[in-house]
Amino acid sequence: MRRFFSTVSLRFRDMADVTAEYQAVARIPTPISAFIANQCADDGKIPTGDHSSPRSFLVRATWSQRDLVRMEKSTTLKSYLVKVNRAGVVEKMQLGVGTDNSSEKVVAYSKDGSLKAVLTKFKPKKSDEEKEVIEIHSSVGKVATNDLTATKRHGKFYFDGELGSFHLAPSEDRESTHVLYVAEKYHPKSDSFFSVIANQFPDDPELRNKSIGTEFEYRDDWGEQLQKKNQPVMCILDWNDNHVSILQNIPEGISPGQPIWTPDGTGVVFVGYDHAPERLGLVYCPIRKSRLYHLAIGQSKMALPLTFIDLAVRTPRFSPDGKSLIYLETEVGGPHFRALRLMKIDCSAGSFAAPSVVVPVPESPVKATDFPGLYSQTFPTRCWSADNKRVVMSTAWRSTHQIIAINVKTKAVISLTTGDLIKTLPKWEVLDVSDDLIIASASSPSVCPCVYCARLPEAGAEASIVWTLLDQGGGTDVTVDKEVGLIDWGVEVIKHKKSGLDFEAIWVRPSLKQKHPVILWPHGGPHSVIAAGFDIFVHTLVRLDFAVIFVNYRGSVGFGESNLRSLLGKIGENDVEDCFRALDVLLGKWNLTEGETDILVQGGSHGGFLAAHLIGQFPGIFRACCLRNPVINLASMFGTTDIPDWTYVEAGFDYHYDNPPITPPYLELLKHSPIAHAEKVLVLYHNWVEFIDEFGSSSTTRISHLKSNVALPRSRRRL
């Protein structure tokens, strides 16, 4: 399609205009990480916890943005000097211009910030093999380069957030020379039974380690986005002598992941995911049976389990004094994303006490200001306060993302982003916490992502926290800042009278247009949420005179567990009803009617499921539809997906992992599926489908459908 058509304005928009609008927005950077480096008092000495003295911190923040010329994402490292005075007020200064650090795939710093470990990839000249290299940098420069590929001690490095890890060992009085990370177990190259090497030298000792005749052997993996990740191993690199050790004494039948050093550097604590009864998708269904383990390095003892069986755990973090270990926990099975419990294990001299609950799953919140529960899958790498009593993290809270402080002693949960602040900037993410200095990102639909900093007040005085803008990011661009000012947005609270539950719709539209086409955009999951933050695609659409409606329907996270579980067995009903209700309410609020307004719908995964349902259940309402990897048929999805339990749980059935069903209830699954309404579809829609050819290459094709044609089903697993 060379042109973009809007019947509201009765004019064509050339694709060059559309491209130009997107290019203007795509350059807006987003902060993705930060590190609070070395600090000192005004007298030049390192402080010892005395917060009454003025202190200065060096902060490094990494920003990501799209490079449409190179067709890739690039990252920029920017540095700041942050000064905290006696009253806790923050002064700040940016140090020079940012530097490109796109080649740095993963970064880890030593405790005092004096060392930096970087993992990079490159292809040597005259070689097709890609190498993975860990570099060590200090104030002197690059002090070590370690070729992981050449060691042949393991396979590919793990970059993901489910199993991967990358940490320099803690060291108080000397340089840390060890790096902890996770990689795939080394699999020797396989040769055919009919190969020359297998037949000419059958008794060669060097061939005994080769996998002769196993080139087509199937190795199970952990599903979507974790393809070819079959058996992770925990590795320690001594960068002084380029020696890689593979940690042993791991129980059979588990995949170790998310390892962290113990505070004294003599061991690691990690999550062990059970392989039995089978590996299932882990990224989108992180409720797999798992336990925390402690492994003492250099000893012959097996890793010791720290948590109970038949639970799902993740994200261990030690307090600065090493006396407390926190992690997140929930039951195995059920909705794949839901409120988690914050757990704590007391530690002393290498021993670990039984886990205790710090933050349970609360009862359903009565008011919007009531804490709904912990709806986050992780903590920041550093999240503890200097007094070892509080944990700082981000969590979904209705249609906002708030920063909270949790007191592990009193078990109190306090929001650090309440009042007018959360109304102006609804989406917050903690980037780093060190010695009570918090670095965070914040945005709204009309405010580009920014970086803020604050000093965490003493326990009990958290309400007095003052946030200071550290970097305005893309908002410093006058053109962008002007365009952002032409956007209106809001959050509409809608009550469902019969159930007594409510849900919310985030709307964004051009402020100078009274008549405009509308895009309805339900989120995926279904148990996820859209926070009212900045989005480059929405911003582009608004610049093209569209209004966008995001619907956090009943079943979304951040609204309490009763609200979330009300959707089980009701997908295709409650969520569809809420999406159409939100559309109807906002059309009325804007004095728009269906007849005079182009209404479009789009969504991905479960959002595609809802978009397909909407064009089937409400034919004639929507002018166009875009389905991205949609769930079209639950019955066929059950046998092809890496998350078969998802189809059962969302359709209202129990799924037993140890005894999975042989014959699923196909008719019931079909009743919940959009395909049941296919014959009523009267809309042009596009389905983006990824095809995998026989050689493993992928290509994306847009398939256009009109009227009653049925969209091709797309499983969540590559076949």
Problem set entry | Neighbour count >12 (heavy atoms, 6.0 Å) for atom NZ, K156 |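 Yes, NZ of K156 has more than 12 neighbouring heavy atoms, counting only those of other groups under 6.0 Å.
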
For this session: Indicate the ring-plane relationship of F609 and H606, choosing parallel, tilted or perpendicular according to the 30° and 60° boundaries.
Result: parallel

Problem set entry | Minimum side-chain heavy-atom gap D274-Y657 below 4.5 Å |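 With C-beta onward as the side chain, the pair stays apart.
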
Classify the side-chain pair [X]/[Y] by whether it contains a donor and acceptor separated by less than 3.5 Å.
X: W646; Y: T641; value: no
X: S528; Y: H523; value: yes
X: H527; Y: E650; value: yes

For this session: List the steps and the verdict of salt bridge (Lys or Arg N to Asp or Glu O under 4.0 Å) for R341 and E331.
Result: CA-CA 10 Å; R341 292 184 292 272; E331 287 74 25; 2.8 Å; yes

Donor-acceptor pair, side chain of [X] and main chain of [Y], under 3.5 angstrom:
X: R279; Y: N230; value: yes
X: T597; Y: L592; value: no
X: S290; Y: V313; value: yes
X: T307; Y: L292; value: yes

Problem set entry | Among R543, H539, R509, the one residue meeting side-chain contact (heavy atoms from CB on, under 4.5 Å) with I487 |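 For I487, the side-chain contact (heavy atoms from CB on, under 4.5 Å) check succeeds only for H539.
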
For this session: Can you spot which of E162, K185, Q231 makes a side-chain contact (heavy atoms from CB on, under 4.5 Å) with S255?
Result: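 Of the listed residues E162, K185, Q231, the side-chain contact (heavy atoms from CB on, under 4.5 Å) partner of S255 is Q231.
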
Check whether the ring centres of [X] and [Y] lie less than 6.0 Å apart, and answer yes or no.
X: H336; Y: Y284; result: no
X: Y375; Y: W397; result: no
X: F653; Y: Y655; result: no

Exercise. Which residue pairs pass the ring pair (Phe, Tyr, Trp, His ring centres under 6.0 Å) test when at least one of the two sits in residues 626-645, sequence neighbours left out?
Worked result: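 Found F638-Y648.
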
In a table with atom names and distances, give each donor-acceptor pair under 3.5 Å that connects a side chain of residues 584-591 to protein atoms at least two apart or in another chain.
from	atom 1	to	atom 2	distance (Å)
K589	NZ	E492	OE1	2.9

Exercise. Hey, mind stepping through Y553 and C579 against side-chain contact (heavy atoms from CB on, under 4.5 Å) and telling me if it holds?
Worked result: CA-CA 7 Å; Y553 43 81; C579 288; 4.1 Å; yes

